[in-house]
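Below you'll find the structure, written out as structure tokens, and then a few comments.
Computed over heavy atoms, backbone and side chain alike; hydrogens, waters and symmetry mates excluded.
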Amino acid sequence: MKKKIFNIICCIIIFLLTCLSFIFSNEVSTSLYETIIFLFKVILPSLFPFMIFVNFILLSNCIDYLSIIFKPLGKIFNITGYGISVIIASILGGFPYSAILVENFVRNKKISLNEGKRLALYMFFPSFSFLYNNLYQKDIFIITSIISLYLTSFIFLYFSKFKYNEQLKSNINIQINNKFDDMYFNVMNKTFQSIFSIAFSIIFFNILSSLLPPFITNKFILNLISGVFEFSKTSIVLINKIDKSFIDYILLNFILSFSSLSIIIQSFYHLKNIKIGIKKLLISRLAISLVSSILFTIIYIIC
């Protein structure tokens, strides 16, 4: 019965969105054009090289060597070397790569289900290359905002070890793949699949955001909802504002920490077998966003 009601509601929402896209076709067309340009100018240069790099590491099994190197560091958070690899990949390549790696490691029994849950709930970061390419102003408060996100995430990960108190186990079975031609085409296929998935999600949620202005005139609320839908485009708008206020900084911090519905839904698709409900994933992102915003506010007042 609940599924039928849910399906009916979804059909009604889709029908309404379709009608709105016809009514505001000019806004939708403009948003689509701007988003495609944004993808080619910002997202592709930021993510594509890293995706190739990570897929080569995964498919060549070099990640097994890295997990041995990272093992001592993992003891701080009671996670394995593979867990540290997920964190580093998430920082460098951004979400939803952490979710993809978590699913891969749990499926291949390299990490436990509980470790996978902890990493999936707390280790979500924007791509470092995305942040670096758009931090050319060297604004101290933007940098502080990013640091507060990292710090909050690691605090949550650290204290979660007391809830999921388990003996560390990881299955390290090193098998180097020497068939470069097979590996090359597998990397190519996986990279293009990932980039098309990310691109479609960004386009879809930015189209939804383009339907908001006729109904919402308040800039703060508009940016907040747009950022919750899809973080990258809204964060660029906030970063590039000439006269940024405290509200702009705190909004940027919240959006980057929350990560957006676009990313959460992509990640949830890869986390279906990790047994994390979408509700729990949303609550964890909201909690990290709120704590990160409080931490940023304290630093902002002190400075």
If you compare all heavy atoms of I111 against all heavy atoms of V102, which two are closest, and at what distance to 0.1 Å? CD1-O, 4.4 Å
Any donor and acceptor pair, going by atom type alone, linking the side chain of S289 with main-chain N or O of F258 inside 3.5 Å? yes
Would you say I301 ends up clustered with V291 if hydrophobic residues are merged whenever their side chains have heavy atoms under 4.5 Å apart, either directly or through other cluster members? no
Can you get from I298 to I288 by hopping between Ile, Leu, Val, Met, Phe, Trp and Tyr side chains that sit under 4.5 Å apart? no
Is it true that I283 and I278 fall in one hydrophobic cluster, defined by side-chain heavy atoms closer than 4.5 Å? no
With hydrophobic residues grouped by side-chain heavy-atom distances under 4.5 Å, do I247 and V228 end up in a single group? yes
Rounded to the nearest 0.5 Å, how far apart are CG of L281 and CD1 of I265? 10.5 Å
Locate the shortest heavy-atom distance separating S293 from I250; write the atom from each residue and the value. O-CD1, 3.3 Å
Side chain to side chain donor-acceptor pair (under 3.5 Å), that's the test. Do S67 and S85 meet it? Break it down for me. CA-CA 7 Å; S67 69; S85 298; 5.9 Å; no
With sequence neighbours left out, which residue pairs that include part of residues 207-229 fulfil the side-chain hydrogen bond (donor to acceptor under 3.5 Å, both in side chains) condition? none
Nearest-0.5 Å distance that lies between atom CG in L119 and atom CG in L101: 10.0 Å
Report the residues that fulfil salt bridge (charged side-chain N to carboxylate O under 4.0 Å, His left out) with E103, sequence neighbours left out, ordered by chain and then residue number. R107
Test item: side-chain donor near acceptor, S232 and E230, under 3.5 Å: yes
Kindly say whether I264 contributes a backbone atom to a donor-acceptor pair with the side chain of R285 at under 3.5 angstrom? no
Under a 3.5 Å threshold, yes or no: a donor from one side chain and an acceptor from the other, between S292 and N253? yes
Who else is in V237's hydrophobic cluster (ILVMFWY, side-chain heavy atoms under 4.5 Å, direct or via others)? none
With no hydrogens and no angle check, is any side-chain donor or acceptor of S90 less than 3.5 Å from a backbone partner on M123? yes
For L113 and I274, which heavy atoms make the closest approach, and how far apart are they? CD1-O, 3.5 Å
Within the structure provided, determine whether T80 and F70 are in side-chain contact (heavy-atom separation under 4.5 Å). no
F77, F162: one ILVMFWY side-chain cluster at the under-4.5 Å cut-off? yes
If you round to the nearest 0.5 Å, how far is CD1 of I198 from CD1 of I203? 12.0 Å
For a quick test of reading the model, state the closest non-hydrogen atom pair linking F124 to L149 and the distance between them. O-CD1, 4.5 Å
A side-chain contact here means heavy atoms from C-beta on lying under 4.5 Å apart; do I76 and L73 qualify? yes
The test is side chain to side chain contact (heavy atoms under 4.5 Å, CB included); show your working for L121 and F156 and say whether it passes. CA-CA 9 Å; L121 288 173; F156 270 77; over 6 Å; no
Determine whether the aromatic ring centres of residues Y122 and F154 are separated by less than 6.0 angstrom. no
Let me confirm one number: the OH-CD1 distance from Y249 to I299, rounded to the nearest 0.5 Å. 14.0 Å
Between S201 (side chain) and S262 (backbone), is there a donor-acceptor pair under 3.5 Å? yes
Is there a donor-acceptor pair under 3.5 Å between the side chain of T144 and the backbone N or O of I140? yes
Tell me if a side-chain donor or acceptor on S148 pairs with a main-chain N or O of S145 at a distance below 3.5 Å. yes
Can you tell me which residue pairs pass the ring-ring contact (aromatic ring centres under 6.0 Å, His included) test with a partner in residues 190-214, sequence neighbours excluded? F48-F192
Who are the side-chain hydrogen bond (donor to acceptor under 3.5 Å, both in side chains) partners of S259, not counting sequence neighbours? none
Could you list all the ring-ring contact (aromatic ring centres under 6.0 Å, His included) pairs where at least one residue sits in residues 271-297, not counting sequence neighbours? F296-Y300
Heavy atoms, side chains only, cut-off 4.5 Å: are Y82 and V86 in contact? no
Looking at I100, is its backbone amide N or carbonyl O close enough to the side chain of N104 to form a donor-acceptor pair, meaning the two atoms are under 3.5 Å apart? no
Is Y33 atom OH crowded by more than 12 heavy atoms from other residues, nucleotides or ligands, each under 6.0 Å away? no
Heavy-atom closest contact (T297 atom, F246 atom, distance): OG1-CZ, 3.7 Å
Test item: I69 and I84 side chains (from C-beta on) under 4.5 Å apart, heavy atoms: no
Examine distances only and state if a side-chain atom of R118 and a backbone atom of N78 form a donor-acceptor pair shorter than 3.5 Å. yes
Roughly how far, to the nearest 0.5 Å, is OG1 of T152 from CG of L295? 5.0 Å
Check whether any side-chain heavy atom of F229 lies under 4.5 Å from a side-chain heavy atom of N206, and answer yes or no. no
Could you tell me the separation between the CZ atom of F38 and the NZ atom of K233, rounded to the nearest 0.5 Å? 7.5 Å
Using side-chain heavy atoms (C-beta onward) and a distance below 4.5 Å, is I255 in contact with S260? no
Check the pair I91 / Y150 against side chain to side chain contact (heavy atoms under 4.5 Å, CB included), numbers first and verdict last. CA-CA 9 Å; I91 291 173; Y150 289 152; 4.0 Å; yes
Taking C-beta and beyond as the side chain, do I87 and L157 meet within less than 4.5 Å on heavy atoms? yes
For the backbone of F231 and the side chain of S235, can you confirm whether one donor and one acceptor N or O come within less than 3.5 Å of each other? yes
Is a side-chain donor or acceptor of T30 paired with a backbone partner of N26 at a separation under 3.5 angstrom? yes
